[in-house]
Amino acid sequence: MKNLVIHPHDESTHFLRPIYNSLPNTTIVRDCISKKALIEMLKSHDSIFLLGHGSSNGLFKPNTL
């Protein structure tokens, strides 16, 4: 199983790192990537974790991803 973690760099959410640090086969996205690259990552992973501050509309800090 391949895991994708989308966790924008934010000092106030570093405490969330233990959730995914020990998961095997994990790709972690913390910095800017293109929309095309993100879509390809979403397609190629089995589980997706979105971590950080957000709402039902998505994660805050949209300029970092």
Side-chain angles (χ1 to χ4, degrees):
M1 180 178 265
K2 291 177 66 178
N3 302 298
L4 176 62
V5 174
I6 300 172
H7 185 193
H9 179 75
D10 181 341
E11 297 290 328
S12 71
T13 63
H14 280 205
F15 69 93
L16 297 171
R17 288 182 179 178
I19 293 172
Y20 58 83
N21 273 342
S22 62
L23 290 175
N25 301 317
T26 300
T27 302
I28 302 167
V29 177
R30 287 196 182 104
D31 299 314
C32 293
I33 61 171
S34 71
K35 184 176 180 178
K36 182 178 179 179
L38 180 59
I39 289 170
E40 290 304 313
M41 285 183 177
L42 293 172
K43 290 178 184 178
S44 67
H45 288 79
D46 303 301
S47 296
I48 301 163
F49 297 77
L50 301 170
L51 300 168
H53 299 289
S55 71
S56 59
N57 293 322
L59 289 175
F60 297 150
K61 300 203 57 130
N63 294 333
T64 60
L65 290 178

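Since this is a predicted model, take the numbers as computed values, not measurements.
- Qualifying side chain to side chain contact (heavy atoms under 4.5 Å, CB included) partners for Ser55, counting only residues two or more places apart in sequence or in other chains: Asn57, Phe60.
- Counting only heavy atoms from C-beta outward, the side chains of Val5 and Val29 never approach each other to under 4.5 Å.
- In this structure, Ser12 contributes its side chain and Asp10 its backbone to no donor-acceptor pair below 3.5 Å.
- Through direct or relayed side-chain contacts under 4.5 Å between Ile, Leu, Val, Met, Phe, Trp and Tyr, Ile39 connects to no other residue.
- Of all the heavy atoms in Thr26 and Ile28, the pair that sits closest is CG2-CG1, 3.9 Å.
- In this structure, Ile33 is a member of the same hydrophobic cluster as Leu42, with clusters built from ILVMFWY side-chain heavy atoms closer than 4.5 Å.
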Please tabulate, for the side chains in residues 44-52, all donor-acceptor contacts under 3.5 angstrom to protein atoms that are two or more places apart in sequence or on a different chain.
from: Ser44; atom 1: OG; to: Glu40; atom 2: O; distance (Å): 3.2
from: Ser44; atom 1: OG; to: Met41; atom 2: O; distance (Å): 3.3
from: His45; atom 1: ND1; to: Met41; atom 2: O; distance (Å): 2.6
from: His45; atom 1: NE2; to: Thr27; atom 2: OG1; distance (Å): 3.0
from: Asp46; atom 1: OD2; to: Lys2; atom 2: N; distance (Å): 2.7

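- Residues in residues 13-36 take part in these ring-ring contact (aromatic ring centres under 6.0 Å, His included) pairs, two or more places apart or across chains: His7-Tyr20, His9-His14.
- Of the inter-residue distances, the one linking His53 atom NE2 with Leu16 atom CG reads 8.0 Å to the nearest 0.5 angstrom.
- Between the CD1 atom of Ile6 and the CG atom of Leu38 there is a distance of 5.0 Å, given to the nearest 0.5 Å.
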